[in-house]
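What's counted below: heavy atoms across the whole structure, side chains too, no hydrogens, waters or symmetry copies. A quick note: this is a predicted structure, and the numbers were derived from the prediction, not measured.
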Amino acid sequence: MSRLYGDPIEVWTRDGEPSQFVWRDRLYLVRRVLDHWVVAREWWKIREGDPGERQFWRVEASPGREAGSYELRFDTASGGWLLMRAWD
């Protein structure tokens, strides 16, 4: 079962992939990347200089021993990260 969030998070990357993130004041270490995909925004919503992409990463991560699956989103226009979804 998954839950939707859309919470802003701070993410550190290594070799272009998320390696750790902070969500709700807890540090999560990414154990492995499960999936990665890119979605382009509609052309009429793109501003000049905006590549109009959102990168999604499904990762296995944990703040301790218990690992879970999380979907992270990076918005190339704003440079911001969100935690979109978490699986139990």
Side-chain angles (χ1 to χ4, degrees):
M1 179 174 186
S2 70
R3 291 190 173 96
L4 295 174
Y5 292 98
D7 292 345
I9 56 174
E10 189 172 352
V11 177
W12 290 266
T13 60
R14 183 180 312 124
D15 299 326
E17 297 183 346
S19 59
Q20 55 188 8
F21 60 93
V22 173
W23 178 47
R24 297 186 175 175
D25 297 324
R26 294 182 79 184
L27 178 65
Y28 289 75
L29 300 177
V30 175
R31 294 181 178 188
R32 66 186 175 123
V33 173
L34 303 172
D35 200 3
H36 174 244
W37 65 99
V38 178
V39 175
R41 280 191 232 127
E42 296 84 359
W43 63 269
W44 62 89
K45 294 183 180 178
I46 298 173
R47 296 181 311 275
E48 188 174 329
D50 176 0
E53 292 181 345
R54 289 184 175 158
Q55 297 181 12
F56 291 85
W57 301 84
R58 184 167 300 155
V59 299
E60 180 182 282
S62 68
R65 292 183 186 203
E66 296 292 321
S69 295
Y70 302 89
E71 184 177 293
L72 313 179
R73 185 185 88 189
F74 177 69
D75 188 325
T76 58
S78 70
W81 287 88
L82 297 175
L83 186 132
M84 299 302 295
R85 184 183 303 258
W87 284 265
D88 293 339

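- Residues F56 and V11 do not share a hydrophobic cluster, clusters being chains of Ile/Leu/Val/Met/Phe/Trp/Tyr side chains in contact below 4.5 Å.
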(request) For the pair V59 and F21, evaluate side-chain contact (heavy atoms from CB on, under 4.5 Å) and give the outcome as yes or no after the intermediate values. (result) CA-CA 11 Å; V59 299; F21 60 93; 4.2 Å; yes
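- Listed by chain and number, the residues in a salt bridge (charged side-chain N to carboxylate O under 4.0 Å, His left out) with R24 are D7 (sequence neighbours excluded).
- Of all heavy-atom pairs spanning E17 and V33, the tightest one is OE1-CG2, 3.6 Å.
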(message) Run Y28 and L72 through side-chain contact (heavy atoms from CB on, under 4.5 Å) and show every step you take.
(response) CA-CA 12 Å; Y28 289 75; L72 313 179; over 6 Å; no
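- Across every non-hydrogen atom of W81 and P18, the tightest pair is CH2-CG, 4.0 Å.
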(message) Quick one, L27 with W12, criterion side-chain contact (heavy atoms from CB on, under 4.5 Å). Give me CA distance, side-chain angles, the key distance, then yes/no.
(response) CA-CA 11 Å; L27 178 65; W12 290 266; 4.2 Å; yes
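- Atoms CE and CD, from M84 and E71 in turn, are 6.5 Å apart once rounded to the nearest 0.5 Å.
- Atom CG of residue D75 and atom CZ of residue R73 lie 5.5 Å apart, to the nearest 0.5 angstrom.
- The aromatic rings of W23 and Y70 stand perpendicular to each other, their planes meeting at an angle above 60°, with 30° marking the opposite boundary.
- Hydrophobic clustering keeps I9 apart from L82 (ILVMFWY residues linked when any side-chain heavy atoms are closer than 4.5 Å, directly or through intermediates).
- Not counting sequence neighbours, R31 has no partner by the salt bridge (charged side-chain N to carboxylate O under 4.0 Å, His left out) test.
- Of all heavy-atom pairs between A67 and S62, the closest is CA-CB, 3.7 Å.
- Looking at every heavy atom in both residues, Q20 comes nearest to L29 through OE1-CD2, 3.2 Å.
- With hydrogens and angles ignored, the 3.5 Å screen pairs no side-chain donor or acceptor of S69 with any backbone N or O of W87.
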